[in-house]
Amino acid sequence: MHIAVVSLFPVMLREALMHGVLGRAIERGLLTVDCHDPRDHATDVHRTVDDRPYGGGPGMVLKVEPLRAALHEAMGRLPAGSRRVYLGADGRRFEQSMAREAREWPGLILVAGRYEGVDERFIEAEIDEQWSIGDYVLSGGELPALVVIDAIARLLPGALGSAESAVQESFSDGLVDWPHYTRPPMLDGRAVPGVLASGDHAAIQRWRLQQALGRTWLRRPELLERRGMSNEERRLLEEFKIERAQRTGRIDDSHR
Ligand code: 9D3
């Protein structure tokens with residue numbers, strides 16, 4: 001897959017792309033990421049990329065011409081049919097299903113916003129979709145661009161080691177993780193749950209699924225609504241609730 005990013009801070013992106021799963025995906029040629037800096041396309045001596053907002057108010061707005069020139073340079077190097085996504089605080093909330101869809105696109109151009117935003121006419125004329133990564137205020141679209149690229153890169157065939165990818169499509173899809181433990185078996189008086197050292201793999205799978213269901217019920221009930229449960233999963237969750245009630249005296253999901 002081919003990704004291009006239009007950003008005023010290409011160094012920030014290039015540095016972050018060199019590590020871990022992302023760095024490996026690029027090294028292996030599964031993914032290319034190119035950065036295009038609007039400042040390289042500014043035409044005046046000061047290399048101006050922003051200007052004051054019409055109508056007044058604080059902050060600056062990114063000008064259309066340098067942004068558009070950088071975008072068109074990016075488009076010239078990406079396959080036809082690539083989609084152009086603007087990263088802005090008021091975009092559609094990015095989620096896993098969007099990463100799965102984007103993985104199928106021939107190319108993706110991410111435009112990172114900065115300052116108060118970009119001239120609306122750029123969005124209207126040049127952008128297919130607008131994405132945000134969540135409801136908090138960041139300083140620009142660079143970190144969101146890295147988030148989106150990372151989420152997509154791990155879905156590319158061959159990006160993960162075999163151990164990692166085996167976990168991907170497992171029964172725990174749509175649930176939060178179960179708890180993990182490693183040595184030592186006893187730490188400050190706290191033991192690892194006995195079932196994990198039992199060698200009974202069916203019991204371990206059952207316990208992990210139950211923990212994942214229970215934690216999802218406690219922490220992210222909306223995920224459980226969306227996913228639904230089999231009869232066996234309902235039974236496991238009921239048992240989790242009963243055991244938790246006996247342990248804590250809490251019969252519902254209050255107080256986590
Ligand atoms: C405090 C400024 N806000 C006034 C209502 C608007 C605003 C402008 C620019 C808020 C954030 C930004 C910069 N953020 C992004 O470019 C951004 C972002 C984000 O802030 N949160 C989540 N996802 C994203 S994607 C791009």
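One is the number of the first residue; the rest follow in order along the sequence. This one's a predicted model, so the numbers in the text were calculated from it and none came from an experiment. Just follow the structure's listing: the first ligand is 1, and inside any ligand the first atom is 1.
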- Have S97 and E95 got a donor and an acceptor in their side chains that come within less than 3.5 Å? yes

- Message: Once rounded to the nearest 0.5 Å, what's the spacing between atom CE of M1 and atom CZ of R103?
- Response: 10.5 Å

- Item | Student check: side-chain heavy atoms of T43 and E65 closer than 4.5 Å | no

- Query: Under 4.0 Å from any heavy atom of G88, which atoms of ligand 1 are there?
  - Reply: 17 (C), 25 (S), 26 (C)

- Query: For atom 1 (C) of ligand 1, what's the nearest protein heavy atom and its distance?
  - Reply: V137 CG1, 4.0 Å

- Message: Show me which atoms of ligand 1 lie under 4.0 Å from any heavy atom of G134.
- Response: 21 (N), 22 (C)

- Message: Could you check whether any side-chain N or O of R234 sits under 3.5 Å from a backbone N or O of M229, counting only pairs where one atom can act as donor and the other as acceptor?
- Response: yes

- Identify the protein heavy atom lying closest to atom 17 (C) of ligand 1, giving its residue, its atom name and the separation to 0.1 Å. A89 N, 3.7 Å

- Query: How far is atom 21 (N) of ligand 1 from its nearest protein heavy atom, and which residue and atom name does that atom have?
  - Reply: Y136 O, 2.8 Å

- Query: Is atom 5 (C) of ligand 1 close to the protein, meaning a heavy atom under 4.0 Å from it?
  - Reply: no

- Note on the structure: Ranked by distance from atom 3 (N) of ligand 1, the top protein heavy atom is E116 OE1, 4.2 Å

- Closest to atom 24 (C) of ligand 1 among protein heavy atoms sits P144 CG, 3.7 Å

- Heavy atom of the protein closest to atom 23 (N) of ligand 1 (residue, atom name, distance): I133 N, 3.1 Å

- So which heavy atom in the protein is nearest atom 14 (N) of ligand 1, and how far is it from that ligand atom? L138 O, 3.5 Å

- Should G117 be listed as contacting ligand 1, given a heavy-atom distance under 4.0 Å as the test? no

- Message: Which residue and atom name correspond to the protein heavy atom nearest atom 9 (C) of ligand 1, and how close is it?
- Response: Y115 O, 3.3 Å

Output side-chain donor-acceptor pairs under 3.5 Å for residues 70-83, partner residues at least two apart or in another chain, one line each.
residue, atom, partner, partner atom, Å
H72, NE2, E126, OE1, 3.1
H72, NE2, E126, OE2, 3.3
E73, OE1, H36, ND1, 2.6
E73, OE1, H41, NE2, 3.4
S82, OG, P79, O, 2.6
R83, NE, E129, OE2, 3.2
R83, NH2, E129, OE2, 3.4

- Message: Under 4.0 Å between a side-chain nitrogen and a carboxylate oxygen: does that hold for D253 and R219?
- Response: no

- Query: Considering only heavy atoms from C-beta outward, does the side chain of R68 approach that of D119 to under 4.5 Å?
  - Reply: no

- Is any side-chain heavy atom of D135 less than 4.5 Å from a side-chain heavy atom of R93? yes

When the side chains of residues 104-118 are checked against the rest of the protein, which donor-acceptor pairs come out under 3.5 Å, sequence neighbours left out?
residue, atom, partner, partner atom, Å
R114, NE, E142, OE1, 2.9
R114, NH2, E142, OE1, 3.0

- Message: With heavy-atom distances below 4.0 Å as the criterion, list the atoms of ligand 1 near S132.
- Response: 22 (C), 23 (N)

- Message: Taking 4.0 angstrom as the limit and counting only heavy atoms of G141, give me the atoms of ligand 1 inside it, by number and element.
- Response: 16 (O), 26 (C)

